Amino acid sequence: MKRVLSGIQPSGQLTLGNYIGALRNYVLLQEEHQCFFMVVDLHAITVPQDPAALREQTESVTALFLASGLDPAKSNVFLQSHVRAHAELGWLLTTLTYMGELERMTQFKDKSSGKESIGAGLFTYPSLMAADILLYDTELVPVGDDQKQHLELTRDLAHRFNQRYGDTFRIPDGYIPKVGARIMSLDDASKKMSKSNPNAGSYIAMLDEPDVIRKKISRAVTDSGREVTHDPASKPEVSNLMSIYASCSDLSLGDIEAKYAGQGYGPFKKDLAEVVVATLEPIQKRYREIRSSGELQAVLKQGAENASVIAEATVRKVKEKMGFVLP
Ligand code: TYM
C-alpha cells in the first residue's frame, strides 16, 4: 500500500482533460493505496478569483471528485485551506527554493506572459505544491503531463532539504497515464485542453450537457485526410481524439484504428461523442444528487481531520530540523 496524493485547482470548470489525466486515476488508485485528494484552493488564488465564484467552484470540484467515484471511506478528500500545514510548509520550502528554478517553470511563463502585474504567489506556486506532496510522505503523485516539471522541482527540494538538514522527506514519483496524459484542445492540437481557454468549444467540461458534447466533438478540428490512425506528429488532431476515445472506452489505440479502417472521420467522431457522453452522463447524474444532498461538509471535515494529523506531525519534524524553537 503506497501513499498517494494529488490536487486539482477550483479555478474554473473541470474538463475532460482533468478527468482523463488525473481524476480517473485517483479513482483507480484508491482501491489499493492510502490516498489524499484535495481541492487546492490556496493555489487557485495565485490568480485573481471572485470570492463567490471561488466558493461555488470549490464545492463543485469537491462534488465532482465524489461523483467520479472517489469514496470517502477509501480516500481522504479535503480542501487545502482546511489543513494549515500546507501554507506553513509552503513558506518553509519557499525559503529553500531558488529564483532561477521558479523562473524556468513553463506554467509560470505561460500564465504570466503578457501580464503587467504578476502576483508573487504565481511565482512561488511550485513551492506550495511541493509542500502539498512532501507533507504526507507521498510515494505516488497522479498527474497529467503538464505537472511533470513541478514534480521534478518537488523532488529537488526534498533532496536539498534532506542534504541540508538530514533525511526527512521521501522522494515522490509521478504516476502519469500512458494514454491521455496530455489531452489537447479541440480547436488547436498544439495547445492542451484547458478550462482557462476563452473559447468554450476548445474543451469539453465535465458538466457539459450531452448535446453540447456532441456538438463540440462534431466541430473538433481534424486534418484533411480520412484515415483514423494514431500519429501525433503528422496527425495531431485525430491522434488527440483517439486518445480521448481510448481513455473513455476499453478499446486500445490499435483497436480503434482497426475499427474505423477505411471509414473516414464521420463515423469515428459520431461514436466518440457517444463514448464521451456515456462516460460523463452518470457522473453528472451523481453530481446533481451530491450537490442537493448536503453531504460535502461532513466529508471535507473528516478528510481534513485525517490529513491534519499527518501534516502537523511533518511540519513539527521539519521545524525542529531547521532549528525552530518548538512550542
Ligand atoms: P490543475 O488544476 O491545472 O489540473 C489538475 C490535474 O489535471 C491534469 N490536467 C490534464 N491532464 C491531461 N490533459 C489535460 N489537458 C490536462 N489539464 C490538466 C493536470 O496535470 C493535473 O494533474 N499544480 C496542479 C495542482 C496541484 C497538485 C498539487 C497536483 C497543487 N498541488 C499536489 C498534484 C500534487 C495544477 O495546477 O493542476
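We count ligands from 1, going down the list as the structure has it; atoms in each ligand are counted the same way. Values in this document were obtained by computation on a predicted structure and should not be read as measured data.
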Query - Cationic tip of Lys259 above Tyr245 ring, under 6.0 Å, 45° of axis - result: no

Requested in this report: Using a strict 4.0 Å threshold on nitrogen-to-oxygen distance, state whether Lys301 and Glu305 make a salt bridge.
Outcome: yes

Query raised in the report: Hey, is Gly180 one of the residues with a heavy atom under 4.0 angstrom from ligand 1?
Result: yes

Query raised in the report: Is the shortest side-chain N to carboxylate O distance from Glu88 to Arg316 below 4.0 Å?
Result: no

Report summary line: Contact region, Ser194 to ligand 1, non-hydrogen atoms below 4.0 Å, reads neither

Query raised in the report: Does Met184 have a non-hydrogen atom less than 4.0 Å from ligand 1?
Result: no

**Report entry** For atom 9 (N) of ligand 1, closest protein heavy-atom neighbour
**Finding:** Asn18 ND2, 3.7 Å

Query raised in the report: Are Ser60 and Tyr287 close enough, and set up right, to give a side chain to side chain donor-acceptor pair (under 3.5 Å), and what steps lead you there?
Result: CA-CA 8 Å; Ser60 170; Tyr287 171 85; 3.0 Å; yes

Report task. Determine, considering heavy atoms only, which of Ile244, Ile133, Ile176, Val4 sits nearest to atom 32 (C) of ligand 1. Result -> Ile133

**Report entry** Selection from His150, Arg182, Gln147 by shortest heavy-atom distance to atom 37 (O) of ligand 1
**Finding:** Gln147

Requested in this report: Look at the rings of His86 and Tyr136 and say which category their plane angle falls in: under 30° parallel, 30 to 60° tilted, over 60° perpendicular.
Outcome: tilted

**Report entry** Proximity to ligand 1 by part of Lys195, non-hydrogen separation under 4.0 Å
**Finding:** side chain

**Report entry** Nearest-option assignment for atom 29 (C) of ligand 1, heavy atoms, candidates Ser11, Pro142, Gly7
**Finding:** Gly7

Query raised in the report: Quick one: nearest non-hydrogen protein atom to atom 33 (C) of ligand 1, plus distance?
Result: Ser6 OG, 3.4 Å

Query raised in the report: So between Tyr136, Tyr203, Tyr125, whose heavy atom ends up nearest atom 36 (O) of ligand 1?
Result: Tyr125

Query raised in the report: Would Arg291 and Glu59 pass as an ion pair if we require N to O under 4.0 Å?
Result: yes

Query raised in the report: Are the charged groups of Glu152 and Arg155 less than 4.0 angstrom apart, N to O?
Result: yes

